[in-house]
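Okay, structure first, notes after.
Within every chain, numbering begins at 1; the chains are lettered A, B, ... in the order of the sequence lines, protein sequences first and strands thereafter.
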Protein chains: 2
Amino acid sequence: MPRKNPSPDKREDALSRERIIEAAITLLDTSGESGLTFRALADALATGAGAIYWHIAHKNDLLTAVCDAVIARTLQAAGGAGAATPHATVRAIALAVFEAIDAHPWVGSALTQAPGQLPHVRLLEHIGQQVRQLGVPEATQWVVACTLVNYMVGVGGQNAANAQFARQEGIERDGFLASMANTWLALDADEFGFTRSMATCLRTHDDRADFLTGIDLILRGIATED
Amino acid sequence: MPRKNPSPDKREDALSRERIIEAAITLLDTSGESGLTFRALADALATGAGAIYWHIAHKNDLLTAVCDAVIARTLQAAGGAGAATPHATVRAIALAVFEAIDAHPWVGSALTQAPGQLPHVRLLEHIGQQVRQLGVPEATQWVVACTLVNYMVGVGGQNAANAQFARQEGIERDGFLASMANTWLALDADEFGFTRSMATCLRTHDDRADFLTGIDLILRGIATED
DNA sequence: ACCTGAACACCGTTCAAGT
DNA sequence: ACCTGAACACCGTTCAAGT
């Protein structure tokens, strides 16, 4: 009777792309972006470092695959909801992606570094279908869908960077924002008047709400188009 | 009479933060993101690798500083224009940043990896001032300015990633897009209907124009707000 | 105060050799 | 066909030692 514990003791199944991707996900979630190493991954899989190269071309390939696995699941889960209007569906998709990046910050940076690859294509497809539903004329569907996707990925990347910075600094989000707000307040009053006046907003803002407001802004811009 | 050639022969001035930053910029422009190495940088400055650490805390510090130098110059040059309307000024700033990233792709990824740092603050300030001019109510200035900045940085990061990918693949932009378009056309017809129909757009689109259309969408969303 | 350069503790990737 | 693990060619960073 084979043991069911897949811990780093000994391998029971053969290696496979899927097994590697799953191990990479848990490794990334556990030790962060810098924790994903071919050596550490090989350890977790109870194999040699070079073995991975039989299934994965190079580290970027792995990163994209791992990102795609999360995005695919996220979109699948979000698609099931079936919101009332295209507008609401776009919002639901955007929020789901935001939550996924919040839970796995490394997805944000992977997404930023692999434009046009499969994870991106999935986003474009899901968003694009709703853009069609919105009645956007065919000639502008491309640019509208791209704007939404670019915005989503852009914010996601920023949040990922924030999370990674806070992690390696060992700081909580609140402390991180508070110290940044202080830095802003110490800026030159003439040159950085606007930024200084936004220091409180920085400290008290809600990432999620702001992100969705941005989505709404773009959607409203679309609706006004003629 | 001292020689005026600052080539990698021998150093004449003392090292300084500015000299290091300038050398890093030319190195990045010449050899790309992966070309910026403390060893290569030390060579270019005719010094030892460790000397740089007297002036720069760590590589991320250098990257942010180098990014900020470009952004500061870009915004200064763009600010001089003095466009007629706030809308036009936002467009001008956005375009200037786009061009800067196009000329120095590494600025795009540096920008993505340093949220809240000085380069970001500069963008926020310049955009925010125009958001005020647009008459956006105080309560929503924060989220509006952030949306614009996030979008700009997001698109910039994507373009940087594209440029870097094309560089290391040794491919031109056109060939890169053409092969990606073919990949899209080979996707499953049911699952990726929208994406397939956009393959031609991918191949023929204009990055700059699409980017500005996105800015316009957001600005129009703001105008419609009430 | 500032610089030098060897040394340390890592990386991704390759590849002969095994099964 | 698939795996092993040592070896290669790098990294960022540190630090005793120099000036």
Step-by-step side-chain contact (heavy atoms from CB on, under 4.5 Å) determination, B:I215 to B:M152: CA-CA 8 Å; B:I215 295 284; B:M152 287 168 53; 4.0 Å; yes
Between CH2 of A:W54 and P of D:dG5 the distance, given in whole Å, is 17 Å
For B:H55 and C:dC2, what is the distance between atoms NE2 and C1' respectively, to the nearest whole Å? 7 Å
Tell me the interatomic distance from A:I20, atom CD1, to D:dC2, atom C1', rounded to whole angstroms. 11 Å
Inter-residue atom distance B:T89.OG1 - B:Q129.CD, 0.5 Å rounding: 10.5 Å
Which atoms form the tightest heavy-atom contact between A:H205 and A:L177, and what is the distance? CE1-CD1, 4.0 Å
Pairing annotation in dot-bracket form, given for DNA chain D with Watson-Crick or G-U pairs under 3.5 Å and | for cross-strand partners: ||.|||||...|||||.||
Any residue meeting side chain to side chain donor-acceptor pair (under 3.5 Å) with B:E99, in chain and number order, not counting sequence neighbours: B:R208
Modelled atom types, side-chain donor and acceptor of B:S109 and B:Q164, under 3.5 Å: no
Quick one: label B:L41 by what it contacts on the DNA or RNA (base, sugar-phosphate, nothing), any heavy atom closer than 4.0 Å. nothing
Pairs: protein N or O with nucleotides 13-16 of chain C N or O, under 3.5 Å:
residue	atom	partner	partner atom	Å
C:dT13	OP2	A:Y53	OH	2.8
C:dT13	OP2	A:K59	N	3.0
C:dT13	O5'	A:Y53	OH	3.0

Just checking B:L36: base, sugar-phosphate only, or nothing, at a heavy-atom cut-off of under 4.0 Å? sugar-phosphate
Restricting to non-hydrogen atoms, name the atom on B:A96 and the atom on B:A78 that form the minimum distance, rounded to 0.1 Å. CB-CB, 3.7 Å
Take the protein atom CG of B:L63 and the nucleotide atom P of D:dG12, then report the distance between them rounded to whole Å. 11 Å
Determine, stepwise, if the pair B:D210 / A:W142 fulfils side-chain contact (heavy atoms from CB on, under 4.5 Å). CA-CA 9 Å; B:D210 287 356; A:W142 163 260; 2.8 Å; yes
Whole-Å distance, A:I56 CD1 to C:dG12 P, equals 13 Å
Measure across A:S31 and A:S34 and return the closest heavy-atom pair with its distance rounded to 0.1 Å. O-OG, 4.3 Å
